[in-house]
Amino acid sequence: MALTDVTHDAQDFAPPAEVEEAEVYHPKTWLGKYVFSQDAKIIALQYSITAMAVGLLALVLSVLMRVQLAWPGAVSFITPDAYIQFVTMHGMIMVVYLLTALFLGGFGNYLIPLMLGARDMVFPYVNMISYWIYLVAVLILLASFFVPGGPTGSGWTLYPPQAILPGTPGSDWGITLMCISLGFFVIGFTMGGLNYVVTVLQARTRGMTLMRMPLTIWAIFTATVLALLAFPALLVSAIMMSLDNLLGTSYFMPAIISLGQQLDHSGGSPILFQHLFWFFGHPEVYIVALPAFGVISELISVHARKNIFGYRLMVWAIVVIGGLSFIVWAHHMYVSGMNPYFGFFFATTTLIIAVPTAIKVYNWVLTLWQGNIRLNVPMLFAIGFVFTFINGGLTGIFLGNVIIDVPLSDTYFVVAHFHMVMAVSPILAVFGAVYHWYPKITGRMLNEGMGKFHFWMTFVGLYCIYYPMHYLGILGVPRRYFANAGANGLPDWFPESAQMVNVGITIAAIIVASVQLVFLYNLYYSATRGKPAGGNPWGATTLEWQTADTPPTHGNFGKELPSVYRWAYDYSVPGAEEDFIPQNVPAGKGTGHAS
Amino acid sequence: MSIFSTLSTKPWVAERGYVSDSHGFGLPTARVFLSVFLGVVTAIFGLLTAAYFIRMTYADWQPLPVPALLWLNTAILILSSVALQWARTSARHQQADRVRRGLLAGGALAFAFLVGQFLVWQQLGSLGYFVDTNPSNSFFYLITGLHGLHLLGGLVAWLRASLRLWRGAETDKIRMSVELCAVYWHFLLLVWLVMFGLLLVT
Ligand code: HEM
Ligand SMILES: [Cu+2]
């Protein structure tokens with residue numbers, strides 16, 4: 001790089017920022033420190049643990065569903081009603097209460113202040129409240145398992161009219177509790193989300209310009225903005241549906257005869273609900289995908305010891321995807337009977353969104369190209385993510401076209417597609433991120449052997465689960481069905497081989513689910529017995545690895561906040577002494593640049 | 001720096017020293033917080049408006065008669081906003097007395113607005129326009145209800161600021177709170193005017 005490129009904007013070496021004591025809130029009691037904590041790092045752990053606990057429940061539900069599909073009737077408490085309730089709760093918990101909460105509440109809280117060189121979120125008190133409201137939302141959701149009628153069985157999409165009609169399980173209590181729980185979730189999330197956004201805008205340390213932020217932060221930031229704008233749609237539709245349900249209004253409910261009774265509703269529009277729901281629902285996909293993108297960019301760059309390829313393009317892609325994600329929602333409604341020209345419009349926007357997404361994929365691959373790849377556990381998960389995301393993305397291009405979607409809609413092809421793209425991929429990113437940042441959180445490494453076992457079993461297992469589902473979908477097997485086999489064996493159209501496939505999928509699912517216990521054990525075991533990690537075990541450049549203490553203490557950076565002199569991806573800089581230069585290292589000796 | 005020049009910087013050109021000493025936009029953090037929050041509220045009412053327009057096109061929609069009281073309420077809300085604006089400018093000029101009067105008037109008027117809205121609900125109810133009578137009624141109750149809730153939330157913030165003032169906090173200390181209240185009030189006034197307009201033209 002020519003020296004003439006170097007511009008010195010302001011004074012090169014400003015004195016480090018003084019600690020303003022008033023800025024840092026000091027808890028006095030144990031309760032204040034670990035339970036009602038206002039420290040973003042503790043809140044992050046609270047979010048993560050709660051999310052993983054409900055996520056585990058959702059995993060158990062999915063295994064129960066799979067057992068039913070493989071051996072219909074083998075487990076007596078899985079009735080048709082229970083099955084559809086499991087489908088609903090599994091889907092909703094996984095998407096909203098696990099992934100959204102974990103990526104934004106968990107990773108967001110932990111990483112935003114640390115990576116930006118801030119002491120905490122800008123409004124720690126609001127941040128704390130955010131977690132507790134989230135917990136209330138989770139408890140209300142869980143309560144619906146214990147009310148008369150059980151949780152709602154409307155599918156995670158909650159479509160009216162069936163969501164509130166008698167005959168749908170949970171139509172008396174379940175759906176109401178679901179709407180209330182979602183309401184709490186949205187309010188709690190909004191409090192947290194405002195914090196994340198404003199912290200990124202306002203609390204970056206000196207020298208941390210927007211374009212020097214790690215991609216993880218760009219991604220979490222954009223995802224939070226999406227969530228702040230998309231969740232209101234869910235809130236509004238939950239409120240309106242509850243009014244239809246409880247007060248007899250007709251926002252969404254058409255005139256309808258149910259179980260021989262003419263209901264009071266008339267004239268409402270179920271399609272209106274679908275529009276509102278998917279105006280939330282599609283951005284939601286990116287709310288969980290973008291943070292995964294960011295994390296993966298980080299992992300690939302760090303563990304390939306190479307700067308991220310096309311940083312600027314990566315940032316633009318994140319922003320463009322975020323913007324486009326608001327104008328593609330109706331690709332979920334091709335079979336709803338809407339105007340065909342609408343379908344054309346939404347198919348076009350959907351295919352356009354593939355462009356920035358593909359750019360990201362190319363850039364990850366180009367970052368790996370000729371990198372000094374270290375196949376440790378975080379890198380394995382990162383590569384697993386890229387694989388899986390390409391897979392899911394390709395089937396997405398199929399489904400984005402109206403003519404292909406119409407026959408495949410509501411089949412297992414769709415189940416396979418969205419699990420690949422928004423379930424498996426983000427989960428792989430979560431695992432990679434946990435293996436990557438666990439040493440910072442606890443000061444110890446996760447066990448490598450258990451980690452590799454976890455990766456290979458999970459990765460291969462997930463493909464055994466979801467690849468065959470594409471085949472079932474093309475065969476026409478519908479989703480959300482309790483059983484495809486009739487009482488006396490299989491219906492004509494359902495070949496025995498397909499049922500064999502179902503059995504195989506279930507066995508794989510059981511194995512994958514069990515392997516997660518190894519992961520949990522690893523988390524528990526390594527917290528006290530893992531290899532001590534030191535402050536920066538991966539040789540990473542970003543600020544969270546440059547803290548004085550590991551795990552970082554209250555206030556994150558000790559007395560002086562770091563100052564940032566460079567971008568986040570100075571790996572293998574020619575002429576530099578080491579193969580990474582942390583963001584807070586000024587030009588000079590050992591950095592390969594004259595100062 | 002404009003957003004475009006920000007997004008086109010080349011961060012890998014290393015050693016540019018400090019870019020600037022200030023963090024963020026140079027706006028007070030609480031102000032930025034409020035602005036982002038107003039974005040969220042805009043999304044809520046924007047979506048409601050969209051839903052309103054879609055639902056309106058269905059055959060069973062019958063416009064709601066506009067109670068005259070709504071005009072009065074609108075006037076009250078405008079005055080409330082004006083009073084808070086007055087408090088805000090007075091706070092800038094350190095006129096503690098006027099801040100106090102402005103705050104008090106603004107809060108009281110906002111409260112009066114809420115009571116007025118409640119009376120409108122009662123009037124409509126006594127005329128037989130219940131929430132489930134017609135979708136236009138459902139939307140009216142929903143929109144006024146949500147708008148009222150947002151104002152109620154604002155009143156909580158207003159109460160905190162007022163209490164601090166009456167306990168003897170200096171004008172300087174609560175200037176920001178007054179400022180934020182005023183901005184929030186203007187915003188809710190704007191939302192109300194749009195919603196009221198929606199009701200009038202449809
Ligand atoms: C080993 C892991 C998983 C297994 C075995 C699994 C299995 C299943 C099964 C059997 C269904 C119901 C299919 C049907 O009858 O229609 C389903 C639905 C669903 N799953 Fe998963 N799943 C897993 C992980 C996840 C994750 C991580 C997510 C997070 C996004 C997720 C999101 C969903 C959604 C949104 C639905 C649709 C629910 C509905 O139709 O209302 N799943 N899954
Ligand atoms: Cu979508």
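All values below were derived from every heavy atom in this structure, side-chain atoms included, with hydrogens, water molecules and symmetry-related copies excluded. Note on naming: letters A, B, ... go to the chains in the order of the sequence lines (proteins, then strands), and numbering restarts at 1 for each one.
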Not counting sequence neighbours, which residues clear ring-ring contact (aromatic ring centres under 6.0 Å, His included) with B/H150? List them please.
B/F45
Crowded around A/D264 CG? As in, over 12 foreign heavy atoms under 6.0 Å?
no
Is it the backbone or the side chain of B/A51 that comes under 4.5 Å from a heavy atom of chain A, or both, or neither?
both
Part of A/F279 within contact of chain B (heavy atom distance under 4.5 Å)
side chain
Tell me whether the count of non-hydrogen atoms from other residues, nucleotides or ligands lying under 6.0 Å of CD in B/E170 goes above 12.
no
Structural part of A/L228 lying under 4.5 Å from a heavy atom of chain B:
both
Heavy-atom neighbours of B/R160 CZ exceed 12 at 6.0 Å:
no
Distance-only, no hydrogens or angles: does the A/Q202 side chain make a donor-acceptor pair with backbone N or O of B/L27 under 3.5 Å?
yes
Heavy-atom count check: over 12 atoms from other residues, nucleotides or ligands less than 6.0 Å from B/F33 CZ?
yes
Any sub-3.5 Å donor-acceptor pair from B/R55's side-chain atoms to A/S250's backbone N or O?
yes
Only pairs of heavy atoms separated by less than 4.5 Å count here; which of A/Y251, A/Y569, A/F252 has the most with chain B?
A/Y251
So what's closer than 4.5 Å to chain A heavy atoms on B/Y58: side chain, backbone, both or neither?
side chain
Should the heavy atoms of other residues, nucleotides or ligands under 6.0 Å from CH2 of B/W166 be counted, would the total exceed 12?
yes
Inter-residue atom distance A/L276.CG - B/L48.CG, 0.5 Å rounding:
8.5 Å
Selection from A/S266, A/G268, A/P232 maximising heavy-atom pairs under 4.5 Å formed with chain B
A/P232
Once rounded to the nearest 0.5 Å, what's the spacing between atom CE of A/M240 and atom CG of B/L47?
9.5 Å
Kindly indicate, with the supporting measurements, whether the criterion side-chain contact (heavy atoms from CB on, under 4.5 Å) is fulfilled by A/F123 and B/T29.
CA-CA 9 Å; A/F123 292 100; B/T29 299; 4.0 Å; yes
Going by residue number, which parts of residues 127-149 of chain B are within reach of chain A, meaning a heavy-atom gap below 4.5 Å?
B/V131, B/D132, B/S138, B/F139, B/L142, B/L146
Any chance you could measure A/L194, atom CG, to B/F37, atom CZ, to the nearest 0.5 Å?
7.0 Å
Can you tell me which portion of B/I54 sits under 4.5 Å from chain A's heavy atoms? Options are side chain, backbone, both or neither.
side chain
Under 4.5 Å, heavy atom to heavy atom, which residues of residues 176-185 of chain B contact chain A?
none
Which atoms of A/L229 come close to chain B, meaning under 4.5 Å heavy atom to heavy atom: side chain ones, backbone ones, both, or neither?
both
Counting a contact as any heavy-atom pair under 4.5 Å apart, which residues of residues 77-84 of chain B contact chain A?
none
